[in-house]
Amino acid sequence: MPDVDAFIDVAGAVVLFENVMKIVKSHARISIIAVYKNEVPVSLAQIMSKELHIQGASGYTHEDISKVVDHLKNNKSNIANIVTQVYKQDDIQEAFKVAIEAKGAIKVVVDLS
């Protein structure tokens with residue numbers, strides 16, 4: 001089990017959140033800034049018994065979202081270039097290292113499949 005006090009969910013992957021809820025330790029903080037397309041089942045009993053702190057955050061304004069939609073709709077941005085590295089789950093330490101160094105990395109993805 002990882003000895004982690006805080007999780008920041010920026011992926012929006014249901015399987016990732018489910019795994020976090022399985023391994024989370026008591027009094028951990030979970031911050032969700034990812035956008036989920038579907039509802040995610042959450043055990044309120046688990047949140048209560050482990051005394052978890054879950055907080056959501058949205059740093060985007062309506063204007064920001066409108067600009068992104070315009071870029072995507074009108075092909076103003078080449079989104080294929082955003083994901084610069086993909087790592088297998090076994091290589092997660094390397095993925096974090098590359099993401100933290102941010103030398104040539106835009107979006108580092110860990111494939112959990």
A.B. asks: Tracing side-chain links under 4.5 Å among I, L, V, M, F, W and Y, which residues wind up in one group with Val86?
C.D. replies: Val83, Val109
A.B. asks: Is it the case that more than 12 heavy atoms not belonging to Phe96 sit under 6.0 Å from its CZ atom?
C.D. replies: no
A.B. asks: Is the backbone of Ile8 close enough, under 3.5 Å, to the side chain of Ser31 for a donor and an acceptor to pair up by distance?
C.D. replies: no
A.B. asks: Looking only at heavy atoms, what is the nearest atom pair of Val108 and Ala95, with distance?
C.D. replies: CG1-O, 3.7 Å
A.B. asks: Evaluate side-chain contact (heavy atoms from CB on, under 4.5 Å) for Val20 paired with Asp9, printing each intermediate quantity in order.
C.D. replies: CA-CA 9 Å; Val20 166; Asp9 179 2; over 6 Å; no
A.B. asks: Cluster question for you: counting only ILVMFWY and a side-chain heavy-atom cut-off of under 4.5 Å, with indirect links fine, are Ile33 and Tyr36 together?
C.D. replies: no
A.B. asks: Mind listing the closest non-hydrogen atom pair of Thr84 and Ile106 along with its distance?
C.D. replies: OG1-N, 3.0 Å
A.B. asks: Grouping I, L, V, M, F, W and Y whenever their side-chain heavy atoms are under 4.5 Å apart, do Val98 and Ile82 come out in a common cluster?
C.D. replies: no
A.B. asks: What is the minimum heavy-atom distance between His27 and Leu52, and which atoms define it?
C.D. replies: N-CD2, 4.4 Å
A.B. asks: On a heavy-atom basis, which atom in Leu112 and which in Gln89 lie closest, and how many Å separate them?
C.D. replies: CD2-CD, 3.8 Å
A.B. asks: Flag the pair His62 / Ile65 as yes when at least one side-chain heavy-atom distance between them is below 4.5 Å, and no otherwise.
C.D. replies: no
A.B. asks: Does the side chain of Val68 come within less than 4.5 Å of His71's, by heavy atoms?
C.D. replies: no
A.B. asks: So how far is it from Gln46 CD to Lys22 NZ, rounded to the nearest 0.5 Å?
C.D. replies: 10.0 Å
A.B. asks: Can you name the closest pair of heavy atoms from Gln85 and Gly104 and give their distance?
C.D. replies: NE2-O, 3.9 Å
A.B. asks: Would you say Val14 ends up clustered with Ile30 if hydrophobic residues are merged whenever their side chains have heavy atoms under 4.5 Å apart, either directly or through other cluster members?
C.D. replies: yes
A.B. asks: Do other residues, nucleotides or ligands put more than 12 heavy atoms under 6.0 Å from Lys25 NZ?
C.D. replies: yes
A.B. asks: For the backbone of Ser66 and the side chain of Asp64, can you confirm whether one donor and one acceptor N or O come within less than 3.5 Å of each other?
C.D. replies: no
A.B. asks: Using atom types as modelled and distance alone, determine if a side-chain donor or acceptor of Lys50 lies under 3.5 Å from a backbone N or O of Val24.
C.D. replies: yes
A.B. asks: To the nearest 0.5 Å, what is the distance between OG (Ser113) and NZ (Lys88)?
C.D. replies: 10.0 Å
A.B. asks: Could you tell me whether the side chain of Asn19 and the main chain of Val15 form a donor-acceptor pair under 3.5 Å?
C.D. replies: yes
A.B. asks: Taking ILVMFWY side chains as joined if any heavy atoms are under 4.5 angstrom apart, and letting links pass through other members, which residues group with Val35?
C.D. replies: none
A.B. asks: Drop me the distance from Asp111's CG to Ile92's CD1, to the nearest 0.5 angstrom.
C.D. replies: 11.5 Å
A.B. asks: For Glu101, I'd like to know if atom CD has over 12 heavy atoms of other residues, nucleotides or ligands within 6.0 Å.
C.D. replies: yes
A.B. asks: Quick one: do Asp70 and Lys76 make a salt bridge, cutoff under 4.0 Å?
C.D. replies: yes
A.B. asks: Is it true that Lys67 and Glu63 make a salt bridge, defined as a side-chain N closer than 4.0 Å to a carboxylate O?
C.D. replies: yes
A.B. asks: Assess whether atom CG of Leu72 is packed by more than 12 heavy atoms of other residues, nucleotides or ligands within 6.0 Å.
C.D. replies: yes
A.B. asks: Check the hydrophobic clustering (I, L, V, M, F, W, Y; side-chain heavy atoms under 4.5 Å; chains of links allowed) and say if Tyr87 and Leu16 are grouped together.
C.D. replies: no
A.B. asks: Hey, what do you get for CZ (Phe7) to CE (Met21), rounding to the nearest 0.5 Å?
C.D. replies: 10.0 Å
